[in-house]
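Position 1 is the first residue of the sequence, and the numbers go up from there. For ligands, and for the atoms within them, numbers begin at 1 and follow the listed sequence.
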Amino acid sequence: MELKIYLNGKLVNASEAKISVYDHGLLYGDGVFEGIRSYGGLVFKLNDHIDRLFESAHTLMLTIPLTRQQLAQAVIKTLQANKLKDAYIRLVVTRGPGDLGLDPRKCKKATLFIIADKIVLYPEEVYREGMKIVTVPTPRNLPEALNPQIKSLNYLNNILAKIEAINAGVPEALMLSAHGYVAECTGDNIFIVRDGALLTPPPYAGLLKGITRACVMDLARKMKMPVREEMMTRHDLYNADECFLTGTAAEIAPIVKIDGRAIADEKPGKWTLKLMQAFHKATRLDGVRYRV
Ligand code: PMP
């Protein structure tokens with residue numbers, strides 16, 4: 001059966017889900033998006049994702065044509081139409097069709113679409129054995145130029161870094177700020193564990209405030225781990241006891257080598273494994289329930 005896509009209020013077949021070549025989402029990357037997951041008929045952190053989408057849109061002065069509640073209902077309708085209990089959901093709002101100039105006022109109506117599809121994960125061995133990553137030459141966008149907290153459709157900064165990682169033969173990149181501090185990975189946040197404390201860079205380092213990131217920080221506090229947002233350098237990462245990345249799609253993935261330096265004994269760390277377990281439990285208990 002063909003996938004049904006929610007497009008501007010209607011559910012249409014994927015082959016008929018088309019948008020204008022004049023859409024500024026396509027012409028300029030002018031738009032915002034979210035990646036959301038559902039687990040066993042529960043949409044994880046749906047309201048947090050919708051809030052972040054509204055925040056990104058607010059900064060871009062982009063009016064989302066639905067209320068938060070309507071948007072949540074549209075996500076659930078899309079999941080139900082595709083009979084998906086475990087899904088990856090892509091929620092996109094673009095500036096809509098305009099003319100060939102930049103002026104967003106020419107775009108009279110935002111385009112809103114929702115794709116609910118199956119999730120493609122990193123191979124299982126990444127979670128069992130950990131991942132190797134490298135620092136890439138492309139710095140993360142300057143927050144004072146294009147704030148990485150805006151989850152916009154312009155992902156070229158991240159894509160350049162992803163290409164550099166792939167060219168180096170690893171699946172993910174460590175991105176630094178323009179000043180050389182650790183920021184995040186191309187589509188995931190980064191954490192270290194040092195002396196039993198959980199550390200991650202602060203948003204002003206230039207990163208997306210991940211929803212998985214916030215969840216992992218909460219879970220760590222519940223485990224009585226000290227949790228701190230701190231500026232860090234590659235030296236701090238190389239000499240950490242443990243390292244992992246977090247994101248909606250990747251969940252929690254251990255990192256065991258960075259730029260050829262083994263992290264501790266080059267195995268997923270004990271706190272990382274505890275947090276992975278606690279996270280999986282949370283995804284099965286916590287969320288907006290729907291029936292398929
Ligand atoms: N950083 C970037 C650049 C991302 O695109 C993502 C994925 N949305 C993340 C971090 C992780 O965020 P989240 O946990 O909300 O998926």
Side-chain angles (χ1 to χ4, degrees), residues 29 31-39 43-57 59 75 87-93 114-117 119-122 131 133 135-136 138-143 145-165 171-178 181-192 198 200-220 227 229 243-253 255 272 275-276 278-280 282-283 286-288:
V32 294
F33 77 102
E34 278 298 320
I36 312 170
R37 265 178 90 161
S38 75
Y39 295 88
V43 191
F44 191 59
K45 304 281 180 196
L46 178 58
N47 294 326
D48 294 352
H49 283 283
I50 289 177
D51 285 347
R52 188 170 65 184
L53 186 82
F54 271 83
E55 285 188 12
S56 295
T59 295
V75 166
Y88 182 77
I89 303 140
R90 178 57 55 88
L91 183 46
V92 182
V93 185
I114 305 169
I115 308 169
D117 206 339
I119 173 87
V120 187
L121 296 171
Y122 283 122
M131 196 191 291
I133 64 172
T135 310
V136 293
T138 299
R140 192 71 177 97
N141 278 334
L142 277 173
L146 178 59
N147 198 321
Q149 286 195 51
I150 306 167
K151 198 164 167 58
S152 85
L153 291 180
N154 194 318
Y155 251 51
L156 282 178
N157 179 227
N158 316 59
I159 290 166
L160 285 172
K162 189 82 176 180
I163 290 169
E164 287 160 353
E172 199 31 273
L174 173 65
M175 299 185 78
L176 306 178
S177 70
Y181 289 96
V182 173
E184 60 176 342
C185 299
T186 67
D188 301 290
N189 293 113
I190 193 152
F191 285 85
I192 60 170
L198 185 68
T200 196
Y204 60 80
L207 51 93
L208 183 77
K209 273 203 268 179
I211 287 161
T212 320
R213 174 184 182 273
C215 178
V216 164
M217 289 161 84
D218 282 346
L219 292 170
V227 177
E229 291 182 330
C243 184
F244 60 84
L245 57 76
T246 66
T248 296
E251 302 178 319
I252 302 175
I255 295 169
T272 306
L275 287 164
M276 284 166 77
F279 182 78
H280 285 139
T283 60
D286 184 7
V288 176

- Message: Within the 4.5 Å heavy-atom criterion, are P171 and Y122 side-chain neighbours or not?
- Response: yes
- Query: Any Lys/Arg nitrogen of R213 or E229 sitting under 4.0 Å from an Asp/Glu carboxylate oxygen of the other?
  - Reply: yes
- Task: Look at the rings of F279 and F44 and say which category their plane angle falls in: under 30° parallel, 30 to 60° tilted, over 60° perpendicular.
- Result: perpendicular
- Closest approach of N189 to L208 (non-hydrogen atoms, all atoms of both residues): ND2-O, 2.9 Å
- Heavy-atom contacts under 4.0 Å to ligand 1, chain-then-number order, include exactly R52, R140, K151, Y155, N158, E184, T186, G187, D188, N189, L208, G210, I211, T212, T246, G247, T248
- Mind checking what makes side-chain contact (heavy atoms from CB on, under 4.5 Å) contact with E55, not counting sequence neighbours? none
- Message: Checking side-chain contact (heavy atoms from CB on, under 4.5 Å) between I114 and each of I36, V75, V93, which is the one that passes?
- Response: V75
